[in-house]
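Read through the structure below, which is laid out as structure tokens, and then see the notes.
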Amino acid sequence: MYVTELLKRQSTWFHNVRLLSSSYSVWRVELMHAVVLRQKNKLSLWYWSHALQRKALLAWLMYWRRRKRKTERYSIAMETYRIRLLTAGARCWIQYAATMQDQRLKQVLHLQAKGAQATIHCVKRCAVHWREVCRRRRLGSGLGKHGELHWTKSDWQDRGRSHDDRGRSHDDRGRSHD
């Protein structure tokens with residue numbers, strides 16, 4: 001019995017040692033595998049974070065470049081718009097000044113023509129008047145004794161009147177006296 005007991009104990013111990021050694025070796029292999037896997041995960045996460053940082057940096061750089069180009073385009077567009085507005089404003093002011101100058105010139109010419117017409121009318125009226133005075137004198141008494149002209153009452157009445165082409169007399173206000 002003692003021997004059987006001993007053999008049982010030895011076989012149990014041997015079985016346990018064998019089981020422990022095989023489990024330990026499996027556990028050790030699995031542990032090494034887990035450590036390697038953990039290291040690979042760390043390395044892959046490190047590469048992934050660097051790739052992500054690179055993508056973020058490139059995206060930020062592209063965003064900055066787009067924004068810079070947009071700002072440049074906007075400033076160029078605003079400068080072009082400002083120049084266009086200034087040009088249009090200057091063109092309108094020049095056209096307005098030219099129009100006003102033309103209107104002033106037309107008004108001056110109109111006033112000069114009106115003044116010239118009034119002068120011509122006055123000269124014509126005086127000429128018609130003196131022609132009538134001379135015609136009456138030639139027909140009438142003529143010269144006085146000392147060579148001066150005599151004014152008749154009709155000459156004084158006709159003074160200030162003019163005669164139109166039909167022989168009708170008008171005063172300075174345009175009223176007819178025939």
Side-chain angles (χ1 to χ4, degrees), residues 38-144 146-178:
R38 200 175 305 130
Q39 286 177 348
K40 285 182 181 179
N41 279 344
K42 273 187 182 177
L43 191 61
S44 67
L45 284 174
W46 186 77
Y47 280 127
W48 177 77
S49 74
H50 278 286
L52 191 62
Q53 287 176 2
R54 182 175 179 266
K55 285 179 182 178
L57 184 65
L58 287 176
W60 179 80
L61 186 63
M62 287 173 46
Y63 168 76
W64 181 77
R65 285 180 181 166
R66 271 195 310 257
R67 188 167 180 178
K68 186 177 177 184
R69 279 195 304 261
K70 183 179 178 181
T71 305
E72 289 173 355
R73 284 194 314 252
Y74 182 73
S75 64
I76 289 171
M78 288 304 293
E79 184 65 23
T80 305
Y81 180 68
R82 188 182 72 81
I83 289 172
R84 191 179 314 140
L85 280 178
L86 288 173
T87 305
R91 185 180 313 122
C92 287
W93 276 105
I94 290 171
Q95 284 178 344
Y96 175 75
T99 303
M100 290 305 293
Q101 187 177 10
D102 285 345
Q103 285 181 352
R104 282 192 298 264
L105 183 64
K106 285 178 183 176
Q107 187 178 13
V108 166
L109 290 175
H110 177 70
L111 290 175
Q112 284 179 348
K114 195 173 180 182
Q117 188 178 16
T119 305
I120 289 171
H121 181 68
C122 182
V123 168
K124 186 177 177 182
R125 192 178 58 204
C126 290
V128 168
H129 171 73
W130 282 107
R131 183 177 64 192
E132 283 295 317
V133 168
C134 292
R135 184 178 60 81
R136 283 192 200 131
R137 288 207 178 134
R138 260 187 267 135
L139 295 175
S141 64
L143 293 176
H146 300 291
E148 70 270 1
L149 290 174
H150 292 288
W151 288 89
T152 62
K153 187 176 183 184
S154 64
D155 290 338
W156 285 105
Q157 288 173 349
D158 284 344
R159 197 163 179 220
R161 292 186 186 168
S162 64
H163 297 276
D164 61 7
D165 295 336
R166 296 183 187 149
R168 293 182 296 190
S169 64
H170 299 279
D171 61 4
D172 291 335
R173 296 184 195 126
R175 292 183 292 200
S176 177
H177 295 287
D178 287 342

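These numbers were taken from a predicted model, which means no experiment stands behind them.
- The CD1 atom of I83 sits 7.0 Å away from the OG1 atom of T87 when rounded to the nearest 0.5 Å.
- Scored by the salt bridge (charged side-chain N to carboxylate O under 4.0 Å, His left out) test, E72 finds no partners at all (sequence neighbours excluded).
- Taking CZ from R135 and CZ from R131, the interatomic distance works out to 8.5 Å, rounded to the nearest 0.5 Å.
- Side chains of R82 and E79 form a contact here, defined as non-hydrogen atoms less than 4.5 Å apart.
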Please assess K42 against Q39 for the test side chain to side chain contact (heavy atoms under 4.5 Å, CB included), listing each intermediate value before the final yes or no. CA-CA 5 Å; K42 273 187 182 177; Q39 286 177 348; 5.6 Å; no

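- For the atom pair C134 SG and E132 CD, the distance stands at 10.0 Å (nearest 0.5 Å).
- Between W60 and W64, the ring-plane angle classifies as parallel under the 30° and 60° cut-offs.
- In this structure, the side-chain contact (heavy atoms from CB on, under 4.5 Å) partners of T71, at least two apart in sequence or on a different chain, are R67.
- Taking OG1 of T99 as the reference point, atom CZ of R104 lies at 10.5 Å (rounded to 0.5 Å).
- Side-chain contact between H121 and Q117 is absent, with no heavy-atom pair separated by less than 4.5 Å.
- In the displayed structure, H50 atom NE2 is contacted under 6.0 Å by more than 12 heavy atoms of other residues, nucleotides or ligands.
- The CG atom of L45 sits 11.5 Å away from atom CG of L52, with the distance rounded to the nearest 0.5 Å.
- Scanning for salt bridge (charged side-chain N to carboxylate O under 4.0 Å, His left out) contacts around R54 gives an empty result, with sequence neighbours left out.
- With rounding to the nearest 0.5 angstrom, the CD atom of Q53 is 10.0 Å from the CH2 atom of W48.
- Tested against Q103, the residues Q101, Q107, K106, M100 include a single side chain to side chain contact (heavy atoms under 4.5 Å, CB included) partner, M100.
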